[in-house]
Number of protein chains: 2
Amino acid sequence: MTSVKIDHIRDAAARIAGVALRTPLLPQPWSRERELWLKPENLQPVGAFKIRGAYNAIAVLGEAHRANGVVTHSSGNHAQAVAFAARTFGVPAVIVMPDSTPRVKIDATAAHGAEIIEVPMAERERVALEVAAERGMRLIPPFDHPDVIAGQGTVGVEIVADLPDVDVVLVPVGGGGLASGVGVAVKALRPAARVIAVEPELAADAVESLRAGHRVHWPADRRARTIADGLRTEPSELTFEHLREVVDDAVTVTEDEIRATMRLLATRARVVAEPSGAVACAAALHRELPPGRTVAVVTGGNVDPALLADVLRMA
Amino acid sequence: MTSVKIDHIRDAAARIAGVALRTPLLPQPWSRERELWLKPENLQPVGAFKIRGAYNAIAVLGEAHRANGVVTHSSGNHAQAVAFAARTFGVPAVIVMPDSTPRVKIDATAAHGAEIIEVPMAERERVALEVAAERGMRLIPPFDHPDVIAGQGTVGVEIVADLPDVDVVLVPVGGGGLASGVGVAVKALRPAARVIAVEPELAADAVESLRAGHRVHWPADRRARTIADGLRTEPSELTFEHLREVVDDAVTVTEDEIRATMRLLATRARVVAEPSGAVACAAALHRELPPGRTVAVVTGGNVDPALLADVLRMA
């Protein structure tokens, strides 16, 4: 049994309404082999699905418990999501970032009104916990938390609401918060649908873990080889317990497939996807999958403009 | 009095439901000067709002009158929209295109199952009329038709439904079908809102005409200077009559502003806009406008990948 249930996700959906965008499903008539829809989470205010989990987790706290603010450690989309959500509630946010984080990401997070603390990579977690203790702030982890998973699961509720006879749901897996939440929602609302986790071949620790039936650790530097920077994390005990139960299969995609799909999403679907955001759609185009009506989640669109320009120039 | 009324647009909205995408409004929290939402018509199945008018016009015909198929002359988004809509109805479509049309646009239109006839630029209209007469096909013009205007007007109905207290609606004007329809809808449903037409400075015939109070003709080669290829057309008698009544003001934007806005839409809003699709948002960012809650219509996203790569590489 998963600890996050469909009722938690339904509650999260009510909380995030009006803050997270209710993204539509985008039909892709150019996809001839398979009926394909995209779930464009790149259109969210912070450019990624992370707003759903971050906002839900802060909302659940209640006014008294969030009054002192929230803290997290992240250099990615979760950082911006927590900063944005905290400002929506009018409470302070502290984001602990590795001092190697590109300036553009620091600035984007600071633009949402958050206080940024830059520390050496290895000290992120310790500093975040210190800030939480010293300032009485609540820690909002990027995926290892039931309220975060429930928030991300609202993506699955919306998919089934918009396409009740969906057959295949493709969702990327990094830390596993999104895949866990979407899996719980889809299995509850449309049990016949297959939930397939997708991971870069160069960071395929979750796929290997799911096949092994237990968590297999890949060193961080091995996972860091993929261009899909949002998927370099590994599942926690909590998310892995969910993934084992709600994911039907797991497949990998190559770096070339990710780049080609970024290009195709820009030119045929007219959406900007970051590498991690193109991974699920890449599986729809390049892997043998069960037949039927297929939804691929485009998780985010925060990409270096130079990288996007590069893939647009590919032959 | 305009000949297209809000009731026509409401009827059109019912007809296109389930075929045209019900696009959401995308809030843009990075816009600090002005509360800004985008209406992302680039997400439509053919990559542009044109599906609304084309589908509505074919639907209105009724089964008997469309049985022999439809014909149009266009090298742009209307061509793909008519081809896509005709296939949805299971009727043949003939698209007459100038023989100078880029191969990629011809292929994209043919991919929707349309028959393409390439002719010298000057013979487009004559050939389309001939095909219509000889094959008993109905002509679906790109903007000079009440049913097309009514279809495009559904964009305005959706804007007011999603943001009832909208203050400013920015809509590009080329032939004027979209601006006419959106203007009629917004003025009927939210009379206090200002409807502002936006045009490239290099093809500002409609702005000049609106200021003069009568249609001022610009030679085609003068209008062709703008990068915004969807806005090189000029209003017809029918659309100009609507524009005069429902447009509150008209402004122009420069080519540099269009390019900069394409870049910004890709990086901050994570949507791909063609040059014409960036024009309304460019006005929101670069022109003095009435204050308040502002919606800019992103009309389409069918852009040459090399051009998009170029604007992404801008400093």
Side-chain angles (χ1 to χ4, degrees), chain A residues 18-32 37-38 40-48 51 80 83-84 87-88 104 107-108 111-113 162 262-274 277 298 300-315, chain B residues 18-32 37-38 40-48 51 80 83-84 87-88 104 107-108 111-113 162 262-274 277 298 300-315:
Chain A
V19 177
L21 185 73
R22 176 64 170 80
T23 51
L25 288 184
L26 308 180
Q28 300 302 316
W30 53 264
S31 169
R32 301 267 185 247
W37 286 258
L38 303 176
E41 291 295 302
N42 61 311
L43 302 180
Q44 293 292 349
V46 296
I51 183 63
Q80 289 193 55
F84 181 87
R87 188 159 70 171
T88 306
V104 58
D107 292 346
H112 293 298
D162 288 354
M262 287 175 67
R263 176 187 161 88
L264 188 138
L265 286 168
T267 56
R268 307 298 290 273
R270 300 101 187 170
V271 296
V272 171
E274 59 189 85
V298 178
N302 292 320
V303 57
D304 175 8
L307 171 60
L308 182 56
D310 280 347
V311 304
L312 285 166
R313 291 208 181 283
M314 287 165 50
Chain B
V19 176
L21 184 73
R22 175 64 171 79
T23 52
L25 287 184
L26 308 181
Q28 300 302 315
W30 52 265
S31 169
R32 300 266 185 249
W37 286 258
L38 303 176
E41 290 295 302
N42 62 310
L43 301 180
Q44 292 292 350
V46 297
I51 183 64
Q80 288 194 55
F84 181 86
R87 188 158 72 171
T88 306
V104 58
D107 292 347
H112 292 298
D162 289 353
M262 287 176 66
R263 176 186 160 88
L264 188 137
L265 286 168
T267 57
R268 308 297 291 272
R270 299 100 186 172
V271 296
V272 172
E274 60 190 84
V298 178
N302 292 320
V303 57
D304 175 9
L307 171 60
L308 183 57
D310 280 348
V311 304
L312 286 166
R313 291 208 181 284
M314 286 164 50

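Looking at A:V303, there are no atoms closer than 4.5 Å to chain B (heavy atoms on both sides), in backbone or side chain. Heavy atoms of B:L21 lying under 4.5 Å from chain A belong exclusively to its side chain. When heavy atoms are compared at a cutoff of 4.5 Å, B:R268 does not approach chain A at all. Heavy-atom distances place the backbone of A:L25, and not its side chain, under 4.5 Å from chain B. For chain A, no part of B:E274 is nearby; none of its heavy atoms comes within less than 4.5 Å.
Between B:P45 and A:P29, the shortest heavy-atom distance links the atoms O-CG, 3.7 Å. Between B:R32 and A:H112 the shortest heavy-atom distance is NH2-N, 4.4 Å.
Here the CG atom belonging to B:L43 is positioned 5.0 Å from the CG atom belonging to A:L26, to the nearest 0.5 angstrom.
Contact check for B:R270 versus A:N302: side-chain heavy atoms found under the 4.5 Å cut-off. Side-chain atoms of B:L312 and A:L312, non-hydrogen and from C-beta on, do get closer than 4.5 Å to each other. In this structure the side chain of B:T23 never reaches within 4.5 angstrom of the side chain of A:P24, judged on heavy atoms.
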Problem - Steps toward salt bridge (Lys or Arg N to Asp or Glu O under 4.0 Å) verdict (B:D310, A:R313) - result: CA-CA 9 Å; B:D310 280 348; A:R313 291 208 181 283; 2.5 Å; yes
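The most heavy-atom pairs under 4.5 Å with chain A, out of B:A111, B:A269, B:A273, come from B:A111. By number of non-hydrogen pairs under 4.5 angstrom with chain B, the leading residue of A:P27, A:G300, A:G47, A:P40 is A:G47.
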